[in-house]
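Only one structure is covered here, and it is reproduced in the block below.
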Amino acid sequence: MREKTGLRVTGAGLALACLWAMATALPRPARPPAEAWAAPDLEVTDAAIAWFEAKLAADPTNPLLAAHLSSRYMERFGLSADLDDVRGAERLARTLVPLSRDPARAWTRLSAVLLARHGFADALAAARRAVAADSADPDAWGALFDAGFAAGSYAEAERALTRQEPGVARRVREAFWLSARGETDRAAARLGEACRTIAGWSGRETTAAWCLTEMGHLELARKGPQAAATLYAAALAASPGYRAAVEGLADLAHARGDWSEAERLYRRIAVDAHADLYLRLAETRRMQGDPAGGSAWEREFLRVAGAPEAEPLHAHPLALYHAQRAATQDLALAVAGRDVRRRPTVESWDVLAWVRFRRGELREALAASDRAFAWGAPSPTMEYRRARILASLGRDLEAAPLLERALAEPAMLEPSMRIEATESLRLLLPDG
């Protein structure tokens, strides 16, 4: 089960890191052959990577080539979600730290790459090193915002945001911040400005698709599924096959119960880097009367997410998955607890609260939910979970308004959650 918000706060650090890699990298040097840049997005990036790899092999200590290749690996990761690209980018980014004449930029680059593999504490430490190296560098402060926001260091992120210079990067970061605070109209205005600017960037179709997709996530919360679908379609027109836009359309099909369409779209983008999609495919198979197929996809999820080294990347869906089963609820608690220690974000506290609730530990669940609600604007999913906790503690008068608010945005809830929320509200307000 995945969290649905306006802009997706859980993935904001990764999204911003990829934007930084795709849109604010070093200016392109002498290009590889022109025909390599004329192909569609992934082919363009593949050709660029092959060219830079060949150049770096001939000149292995050249920091400029290493920097460009690291950025291209991150660009391709945004297109294909192959974790080998993140590993390659990290290897190069680490070599650049002692070699670079601009240490702030080298630490900024490393922080962005570390965020992509959910190395939250390391990314935050690298961003702090970037600011320490050059406190006048706006990109370093941008990295500190990204890492602080993703790691749950909200006060540090807010301070970093004030040090950003005007421009696209600041408007995008402000949009994520405002959305998390519940100011969705202002967030939409900021992101819309950024998208209009990016649309005018030559040769940056993927970045334009990224921005339109993020705008779609925000408009889903503000205006509903049709507005979101229009923006996802626009993103795909800008960059055919763009993964996040396909996922957005798949989520919309899933939310309306169009299981065959949801499955078709999820299959197009299902990869190990996003193993939670395997759980979506498991659900679509079961809803179409194929429990064996559903179990097969669940095994795929556990194969990937169950590996110890993969836990930081998949902690939330892994904890929620294990929390559904009495036999694995101890494991769910261990995963959720480790995730809160890695990154005490509102989403991590909310997952821990739900795990505690499923274990019957109601007071502990409420304490974790209190932490989740201590900052920002709660999503409908968070409101639903807290309502269930409060109702189980007999605090019906507090639970009912939360369920009503959650159900006011039905497209933001999982189908099963909508059904359960409606039934729970009926029981709490039998005369309503």
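Positions are given from 1 along the sequence.
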Original post:
Any donor-acceptor pair under 3.5 Å linking the side chain of Q288 with the backbone of T284?
Top reply: yes

**OP:** May I ask you to check whether S295 and R285 show a side-chain donor-acceptor distance below 3.5 Å?
**Re:** no

Original post:
What closest approach, in Å, do V97 and A106 show between heavy atoms, and which atom pair accounts for it?
Top reply: CA-CB, 3.9 Å

Subject >> Beyond-backbone contact of H316 with S348, side-chain heavy atoms, under 4.5 angstrom >> reply: yes

Original post:
Has the side chain of E409 got a donor or acceptor atom that lies under 3.5 Å from a matching backbone atom of P380?
Top reply: no

Original post:
Just checking, any donor-acceptor pair under 3.5 angstrom between side chains of E420 and Y384?
Top reply: yes

**OP:** Kindly say whether R358 contributes a backbone atom to a donor-acceptor pair with the side chain of Q329 at under 3.5 angstrom?
**Re:** yes

Subject >> OH-OG1 distance between Y73 and T45, expressed to the nearest 0.5 angstrom >> reply: 12.5 Å

**OP:** Any chance you could measure R222, atom CZ, to T184, atom OG1, to the nearest 0.5 Å?
**Re:** 6.0 Å

Subject >> Beyond-backbone contact of H322 with L302, side-chain heavy atoms, under 4.5 angstrom >> reply: yes

Subject >> Polar side-chain atom of Y278 near backbone of D272 as donor-acceptor pair, under 3.5 Å >> reply: yes

Original post:
Can you name the nearest heavy-atom pair linking L352 to G337, along with the distance?
Top reply: CD1-N, 4.2 Å

Original post:
For H314 and Y321, does a side-chain donor sit closer than 3.5 Å to a side-chain acceptor?
Top reply: no

Original post:
Hey, what do you get for CD (E75) to OG (S80), rounding to the nearest 0.5 Å?
Top reply: 10.5 Å

Original post:
Any ion pair linking E193 and R196 (charged N to carboxylate O, less than 4.0 Å)?
Top reply: no

Original post:
Got a sec, which residues hit salt bridge (charged side-chain N to carboxylate O under 4.0 Å, His left out) with R325, two or more places apart in sequence or on another chain?
Top reply: E298

**OP:** Classify the side-chain pair D251/Y266 by whether it contains a donor and acceptor separated by less than 3.5 Å.
**Re:** yes

**OP:** Quick one: sort the Y154 and F149 rings into parallel, tilted or perpendicular, breaks at 30° and 60°.
**Re:** perpendicular

Subject >> Test item: I269 and H274 side chains (from C-beta on) under 4.5 Å apart, heavy atoms >> reply: no

Original post:
Have S100 and R109 got a donor and an acceptor in their side chains that come within less than 3.5 Å?
Top reply: no

Original post:
So, is the end of the R388 side chain (NZ or CZ) under 6.0 Å from the ring centre of F357 and within 45° of the ring's axis?
Top reply: no

**OP:** Determine whether D82 and V271 make a side-chain contact, defined as any pair of heavy atoms from C-beta on separated by less than 4.5 Å.
**Re:** no

**OP:** Check whether any side-chain heavy atom of R243 lies under 4.5 Å from a side-chain heavy atom of R268, and answer yes or no.
**Re:** no

Subject >> Main-chain N/O of A89 paired to S70 side chain as donor or acceptor, under 3.5 Å >> reply: yes

Subject >> Audit row: W177, W375, ring-ring contact (aromatic ring centres under 6.0 Å, His included) steps and yes/no >> reply: CA-CA 12 Å; W177 182 261; W375 184 88; 5.2 Å; yes

Original post:
Looking only at heavy atoms, which two atoms of M215 and A188 are closest? And how far apart?
Top reply: CE-O, 3.4 Å

**OP:** Hey, could you give me the CG/OG1 distance between L92 and T95, rounded to the nearest 0.5 Å?
**Re:** 5.0 Å

Subject >> Where P415 and H254 come nearest, the two heavy atoms and their spacing >> reply: CG-O, 3.4 Å

Subject >> Atom pair OG (S369) and CZ (R385), whose distance is rounded to the nearest 0.5 Å >> reply: 10.0 Å

Subject >> L124 side, atom CG; L115 side, atom CG - distance, nearest 0.5 Å >> reply: 9.0 Å

Original post:
With a 4.5 Å heavy-atom cut-off, do P312 and R342 have their side chains touching?
Top reply: yes

Original post:
Can you check whether P410's main-chain N or O pairs, donor with acceptor, with R418's side chain at less than 3.5 Å?
Top reply: yes

Side-chain donor/acceptor pairs under 3.5 Å, residues 129-137, sequence neighbours excluded:
from: D134; atom 1: OD1; to: A136; atom 2: N; distance (Å): 3.0
from: D137; atom 1: OD1; to: D139; atom 2: N; distance (Å): 2.8

